[in-house]
Each structure stands twice: as structure tokens, then as C-alpha cells.
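Working notes, beginning with the structure itself.
In this chain, residues are counted from 1 in sequence order.
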Amino acid sequence: MPDKLRIIHTNDLHSHFENWPKIKRFIQKKQETQANEAVLTVDLGDFLDRWHPLTEATDGKANIELMNEIHYDAITLGNNEGIGNSHDVLDHLYDQANFPVVLANLIDQQTKKRPSWVKPYLMISTNIGITVGVIGVTAPFPLTYQPNGWDVLDPIETLRKCIPEISEQADYVVLLSHLGIEADDQIAHEFEQIDLILGSHTHHLFKEGKKIKQTQLAAAGKFGYYVGEVEVTFADNKQKLSSKATTFLTESLVEQSEDQIQINSWFDQGVQLLEQEVVADLPFPLTREKGEHLIYPYALQAMAQRGDTAISLVNSGLFLDDLPQGLITKADLHRILPHPMRLIRVTLSGSDVVRLVREIEKNRLFLKHYPIKGMGFRGKLFGEVHYLGLDYDANTQEVSIDQHPIDPNKRYTLTTVDHFMFIPFFPTIELAGEVTFLFPEFLRTVVANGLSCYFPIDKS
């Protein structure tokens with residue numbers, strides 16, 4: 001009977017704990033081995049996402065506790081771990097993990113070395129005598145990693161350095177890729193030594209896998225909707241005979257009566273922890289009135305103060321709910337601003353400020369009801385852009401600052417959300433702006449700090 005290696009893989013859960021009870025039971029059952037069989041379990045990153053209150057309240061430590069229940073053999077990082085946490089939080093995220101973190105292309109800017117909690121690759125000796133080499137790489141976003149104190153190396157160059165060394169030691173080479181479908185295809189064409197590429201980041205799904213040359217590719221979508229498995233058979237001389245990729249729809253798995261209780265408990269626990277931290281005492285509710293949210297002036301002013309600018313911009317779709325009168329907690333701010341989104345400071349010439357405003361105004365009606373997904377956005381519709389320090393006359397298309405015409409040759413600096421740089425509607429920010437990312441606060445923290453100044457808590 002040929003030896004068999006089964007590799008179970010998860011990816012891009014994004015703190016969608018509503019699928020976790022089923023996933024946990026399914027994987028634990030799959031981890032039971034038979035004769036001539038070995039099982040490895042891996043995760044490809046973005047397991048945590050701060051939209052969930054328990055992830056936010058525990059800085060992701062609750063996610064690690066859930067991962068510990070599975071006893072992963074290796075995991076790698078996604079951008080939600082790497083960028084969604086401050087440097088210090090990430091540096092201690094895996095302190096209590098019972099699994100190794102495998103990531104070859106992340107360097108600490110201060111030490112110029114990989115952090116102590118990460119391995120570039122891993123050699124796993126299985127009970128069937130097959131040595132599996134596992135390497136992880138994550139998507140390079142230098143604009144956001146570098147201000148957070150990390151250098152993220154080019155993943156292809158990293159693989160060119162590591163793969164020859166790994167392939168000399170391993171019978172079977174597995175790449176944990178948080179790069180996306182296009183990069184995975186490129187890697188499969190270039191690196192024939194890689195036997196298996198497990199893909200993520202772009203949330204693509206290969207229900208029955210995909211093969212490029214001799215490389216097996218597998219991918220299991222997003223949010224725990226699927227769990228993936230790759231089955232590999234080996235001859236007695238350790239030569240690979242075949243590989244097959246399969247995905248299992250989580251929705252079709254058996255649900256137990258206590259699942260929903262547990263799911264609700266995780267959410268409620270996070271809310272309760274966040275409710276313990278009071279940030280402001282509102283003398284009146286901040287609600288939507290005639291399409292306008294009363295929080296906009298305070299949010300824009302807080303953003304401008306954090307960016308040390310006189311101008312700030314924000315879109316209404318970020319604010320998902322109202323704030324009631326009375327004591328406001330971090331739970332309230334997380335509820336209305338769940339986005340893992342930071343601020344950027346942008347310096348432009350006066351002529352480019354005018355162009356940016358005209359880009360915004362040209363797209364205003366379209367974006368008002370436009371559904372945005374990803375890139376840090378956790379709401380539904382983009383909404384309308386609101387200004388502080390800028391005025392636009394729709395009749396003349398004139399742009400002014402504090403009722404003064406803009407000098408086309410003067411330099412102006414504004415503060416907005418990093419989302420504006422990543423979406424394709426306002427190219428002036430990226431193409432003409434001098435952009436600085438403001439770390440480590442999220443937008444909700446900046447707004448909370450502003451409200452605490454405008455409406456302080458009476459501690460008498």
C-alpha cells in the first residue's frame with residue numbers, strides 16, 4: 001500500500017467565528033490517521049480581522065487560542081496580521097501559540113533580522129518517513145509595513161534564495177502563500193521544485209485544485225466557507241506518485257446545538273471587554289439628520305489634529321451607526337467604525353488639490369451608493385465625501401480654502417483615510433501626493449480621542 005500524506009489547509013478566516021465550530025470539529029476528525037498515513041494542518045494567514053469585537057478587545061490573542069485548539073503544524077501571516085496590528089502587538093501575538101509561524105520575507109527594521117517568533121521555513125519529519133519542507137511568504141505592502149517598523153522583502157527573490165536549500169533537504173516542498181492567485185501562478189511556472197502551493201489573499205477558490213506543470217495548487221476561498229485538503233501518495237522510494245486537491249463546503253457540515261451559543265458568546269465577550277473602556281460623555285446623540293451625520297465635524301477635526309493639518313476628508317459610508325447620548329465606550333466606536341483603517345497625511349500642490357477635489361466631485365453621485373469591498377473597508381456603501389477646510393462651488397467648480405482661492409503653486413497638506421489611496425477613484429493622491437501613513441492608530445481610535453477631548457468624562 002502506498003504511503004499517503006494529507007494536508008489540511010485553512011485561510012482568510014478574517015475572524016468569521018460563525019464558521020469556526022464546524023471547522024474545528026471537521027479538522028479534528030480529519031487529523032485522525034490510519035496506517036501508512038500522515039496528516040499536516042496549516043493556515044495561510046488573515047486568520048484574524050479586527051472587525052470582530054473579540055479580536056479587537058484581545059489584540060488577536062483570542063484568535064490564537066482558537067488556533068491552538070487545532071494544533072496547526074505551521075501557519076503563515078496575512079496582511080491583517082502584519083499590518084492590522086501595531087509592531088508591538090504583532091511582536092507578541094504568538095507568545096502563547098502552540099504552532100510554528102513560518103514566514104521568510106519579513107524583517108524587523110531595528111534588528112535587520114527576522115523576528116524571533118518566526119522561522120523562514122520548516123522541515124517536518126512525518127511518521128511515514130517523508131520529510132516535508134514548508135515555507136511561507138506574504139504579500140509585500142512596503143507603504144504600510146515600513147511605517148509600522150517592518151521591512152517586507154520581495155517574495156519571489158526570497159523564494160529564489162530559499163527554495164534550493166529547502167529542496168535539498170525535503171522530499172516534498174509546500175509553499176504557504178499569502179500572495180494571491182496571479183503570484184501563485186508565476187511561482188508555479190518558475191519554481192518546479194515546489195510540489196504544492198496553498199493559496200490565499202485574493203480569496204480565490206479551487207474546488208478541485210489546479211495544476212501548473214508538476215506543481216499542485218489549492219485554494220479554499222474566504223471566511224471559512226470552505227476547508228481544503230490535498231492528498232499526496234508516495235512510492236516506497238519516497239517519489240511522489242499523485243496529488244489531488246479537494247474542498248469541503250462548511251455549510252454542509254453538521255451543526256450542533258451549542259454552536260450558535262458559542263458563536264454568540266465570542267461576540268458578546270468582545271463587546272463586554274470593549275464596554276469596560278469609556279472614552280466620552282455625549283450631552284446629545286450624534287445621529288443622522290437629513291442624510292448628514294452629526295459626528296462628521298468632530299471626526300474631521302480629530303483627523304486634522306492627528307495629522308497636524310488644517311484640511312481633512314472622510315467618506316460617510318465609514319460611519320455605520322449613530323452614537324447615543326451619555327457615556328460612549330470603545331464598544332460604541334468599534335460598532336460604528338469596525339474598519340482596520342489608518343490615516344494618511346498627503347501633501348499636494350494647489351493645482352493637485354483642485355484636481356483631487358474635482359475627482360471627488362465627479363464621482364460623488366456614483367460613490368454615494370457604491371458597494372465597496374476590501375482594502376480595509378468593513379461597511380456596505382462608500383457614501384459621500386465630507387470636507388474640513390475645503391469649499392467647493394458646484395456652479396463654478398472653484399475650490400477654496402477658508403474662502404480664499406487656492407494658490408496653484410503652493411503646497412498644501414491634508415489628512416484622510418488610507419482607503420482613499422487604495423481605491424481607484426482618486427488617483428491624484430497616489431500619483432501626485434507625498435504620502436505619510438500615520439501609525440499605529442486606527443480611525444476609530446483617532447475619533448475616540450477627539451470625542452474624549454470635546455466631551456470629557458466627569459470624574460468628580
Side-chain angles (χ1 to χ4, degrees), residues 50 79-80 82-87 90 106-107 109 138-154 299-318 337 339-364 367 372-378 382-383 385-390 392 399 401 406-447 449-450:
R50 285 178 175 267
N79 46 288
N80 271 270
I83 302 170
N85 298 296
S86 69
H87 186 285
L90 180 57
L106 186 72
I107 301 294
Q109 282 185 353
T138 197
F141 293 114
L143 288 174
T144 43
Y145 270 103
Q146 289 177 358
N148 206 18
W150 304 104
D151 286 326
V152 59
L153 307 178
D154 181 276
L300 286 164
Q301 189 61 50
M303 292 169 62
Q305 290 176 352
R306 175 61 182 92
D308 194 22
T309 64
I311 304 169
S312 59
L313 320 173
V314 73
N315 56 306
S316 62
L318 292 174
L337 291 166
H339 328 279
M341 196 175 291
R342 294 184 172 90
L343 303 186
I344 53 174
R345 185 189 297 119
V346 185
T347 300
L348 297 161
S349 67
S351 59
D352 285 327
V353 171
V354 172
R355 186 170 67 178
L356 171 61
V357 172
R358 289 179 178 172
E359 287 170 352
I360 292 170
E361 296 303 326
K362 176 184 177 181
N363 289 293
R364 180 173 292 277
L367 290 173
I372 289 280
K373 293 183 179 180
M375 296 170 287
F377 190 75
R378 299 296 183 262
F382 182 85
V385 176
H386 294 265
Y387 306 120
L388 173 71
L390 282 174
Y392 174 76
V399 182
I401 296 178
I406 287 182
D407 182 342
N409 298 312
K410 185 178 177 180
R411 306 290 285 175
Y412 297 89
T413 303
L414 58 89
T415 304
T416 189
V417 287
D418 58 10
H419 187 65
F420 277 31
M421 183 169 177
F422 301 136
I423 58 177
F425 304 108
F426 314 135
T428 294
I429 291 177
E430 182 176 6
L431 298 179
E434 297 174 10
V435 179
T436 301
F437 285 78
L438 304 180
F439 275 77
E441 307 98 321
F442 285 130
L443 171 63
R444 58 177 166 269
T445 306
V446 173
V447 174
N449 292 340

Approximate separation, where rounding is to 0.5 Å, of Asn85 CG and His87 NE2:
11.5 Å
Determine whether Phe425 and Ile372 make a side-chain contact, defined as any pair of heavy atoms from C-beta on separated by less than 4.5 Å.
yes
Which pair of non-hydrogen atoms, one from Phe437 and one from Pro147, has the smallest distance, and what is that distance?
CB-CG, 3.9 Å
Do Asp151 side-chain atoms and Gln109 backbone N/O form a donor-acceptor pair below 3.5 Å?
no
pair Phe420-Asn315: side-chain heavy atoms closer than 4.5 Å:
yes
Atom CG of Leu367 and atom NZ of Lys362: how far apart are they, to the nearest 0.5 Å?
11.5 Å
Got a donor-acceptor contact below 3.5 angstrom from the Asp407 side chain to the Gly350 backbone?
no
Please check this pair: side chain of Asp418 against backbone of Arg342, looking for a donor-acceptor N/O pair closer than 3.5 Å.
yes
Any non-hydrogen side-chain atom of Leu143 less than 4.5 Å from a side-chain atom of Phe141?
no
For Ile406 against Val354, the heavy-atom pair lying closest together:
CD1-CG2, 4.1 Å
Which of these passes side-chain hydrogen bond (donor to acceptor under 3.5 Å, both in side chains) with Thr309: Thr347, Thr416, Thr415?
Thr415
Backbone of Pro340 reached by a side-chain donor or acceptor of Arg50 within 3.5 Å
no
Nearest 0.5 Å, please: how far is CD1 in Ile429 from CZ in Phe422?
10.5 Å
Does any part of the side chain of Leu106, heavy atoms only, come nearer than 4.5 Å to the side chain of Thr138, both counted from C-beta?
no
Sub-4.5 Å side-chain heavy-atom contact between Phe426 and Ile360:
yes
Is there a side-chain contact (heavy atoms from CB on, under 4.5 Å) between Asn148 and Ile83 once you walk through the steps?
CA-CA 7 Å; Asn148 206 18; Ile83 302 170; 5.6 Å; no
Starting at CG of Asp352, measure out to OG1 of Thr428 and round the result to the nearest 0.5 Å.
6.0 Å
Considering non-hydrogen atoms only, spot the tightest contact between Phe439 and Arg306 and give its length.
O-NH2, 3.3 Å
Donor-acceptor pair, His339 side chain versus Leu318 backbone, under 3.5 Å?
yes
Does the distance from a Lys or Arg side-chain N to an Asp or Glu carboxylate O, for Glu361 and Arg364, drop under 4.0 Å?
yes
Interatomic spacing from OG in Ser312 to NE2 in His386 - rounded to 0.5 Å:
11.5 Å
Check: Arg411 and Ser349 side chains under 4.5 Å, non-hydrogen atoms
yes
For Met421 and Val435, work out which heavy atoms get closest and say how close.
SD-CG1, 3.8 Å
Start with the C-alpha gap between Val399 and Leu356, add the side-chain angles, then the distance that decides, and say whether side-chain contact (heavy atoms from CB on, under 4.5 Å) holds.
CA-CA 10 Å; Val399 182; Leu356 171 61; over 6 Å; no
Any side-chain heavy atom of Leu348 sitting closer than 4.5 Å to one from Tyr412?
no
Heavy atoms of Leu388 and Gln301 approach each other most closely as CD2-OE1, 3.6 Å
What I'd like to find out is whether the side chain of Phe382 reaches to under 4.5 Å of the side chain of Ile423, using heavy atoms alone.
yes
Could you report the tightest heavy-atom contact between Asn80 and Arg378, atom names first, then the distance?
OD1-NH2, 3.6 Å
Angle between ring planes, Phe377 versus His419, binned at 30° and 60°: parallel, tilted or perpendicular?
parallel
Donor-acceptor under 3.5 Å (Arg345 side chain, Thr436 main chain)
no
CG on Asn79 to CE on Met375, rounded to 0.5 Å
12.0 Å
